[in-house]
Amino acid sequence: MHGWVHKGNERMLRRLIQERAPRVIVELGSWLGLCTELMLEESAPFGSSLFAIDRWDASWLLSEQADQYAHDAEAQRLLVAFRDSLYETFIANLWAHRSR
């Protein structure tokens with residue numbers, strides 16, 4: 001699954017979830033669900049609820065945030081390939097966690 005979780009950020013997120021045992025997690029900017037899945041898996045022992053918020057609007061991303069994608073050919077390819085189905089792709093990527 002494509003995403004931008006740097007190893008240092010991944011370790012930090014895992015540590016924070018373990019230390020804080022949150023009841024609720026809110027993710028702003030979920031893309032295709034890489035970080036969402038990481039947080040769902042790490043927070044499973046605590047039964048945390050996770051709310052993932054994103055525009056899932058490829059046209060807007062390509063026009064308004066083009067600089068973020070300029071150096072990421074894979075992200076650009078995905079934006080074009082899934083232009084009309086970013087949200088559906090996110091849901092499919094996280095289907096195994098649908099009961100959470």
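None of these values were measured; they are calculated from a predicted model. The figures that follow rest on heavy atoms only: side chains count, while hydrogens, waters and symmetry mates do not.
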Task: By ring pair (Phe, Tyr, Trp, His ring centres under 6.0 Å) - contacts of F51 (at least two apart) - done: none
TODO: Mind checking ring pair (Phe, Tyr, Trp, His ring centres under 6.0 Å) for F82 and listing every partner two or more places apart, or none if nothing turns up?
DONE: none
Could you state the interatomic distance from [atom1] ([X]) to [atom2] ([Y]), rounded to the nearest 0.5 Å?
X	Y	atom1	atom2	value
I53	L28	CD1	CG	5.0 Å
M1	N93	CE	CG	4.0 Å
L38	E27	CG	CD	9.5 Å
R14	S43	CZ	OG	10.5 Å

Any side-chain heavy atom of [X] within less than 4.5 Å of one from [Y]?
X	Y	result
M12	R15	yes
L13	C35	yes
L40	I25	no

Task: Residue list, side chain to side chain contact (heavy atoms under 4.5 Å, CB included) with E41, at least two apart or on another chain - done: E37, H97
TODO: Would you tell me whether W4 and N9 have side-chain atoms, one donor and one acceptor, within less than 3.5 Å of each other?
DONE: no
Open item on the list: Going by the rule side chain to side chain donor-acceptor pair (under 3.5 Å), which residues pair with W31 if we only count those two or more places apart in sequence or in a different chain?
Closed with: H2
If you compare all heavy atoms of [X] against all heavy atoms of [Y], which two are closest, and at what distance to 0.1 Å?
X	Y	value
W56	S30	CZ2-CB, 4.0 Å
G3	L34	CA-CD2, 3.6 Å
F90	L32	CD1-C, 3.7 Å
F46	P22	CB-O, 4.2 Å

Task: Residue pairs passing the salt bridge (charged side-chain N to carboxylate O under 4.0 Å, His left out) test where at least one lies in residues 75-98, sequence neighbours excluded - done: E74-R77
TODO: Would you list the pairs meeting salt bridge (charged side-chain N to carboxylate O under 4.0 Å, His left out) in which at least one residue belongs to residues 53-62, sequence neighbours left out?
DONE: none
Open item on the list: Are there over 12 heavy-atom neighbours, none belonging to Y87, within less than 6.0 Å of that residue's OH?
Closed with: no
Task: W95 atom CH2, neighbour heavy-atom count above 12 within 6.0 Å - done: no
Task: Co-membership, hydrophobic cluster, residues M39 and V24, 4.5 Å side-chain - done: no
Task: Y69 backbone acceptor or donor facing Q76 side chain under 3.5 Å - done: yes
- [ ] Determine, stepwise, if the pair L61 / L86 fulfils side-chain contact (heavy atoms from CB on, under 4.5 Å).
- [x] CA-CA 11 Å; L61 291 169; L86 287 176; 4.2 Å; yes
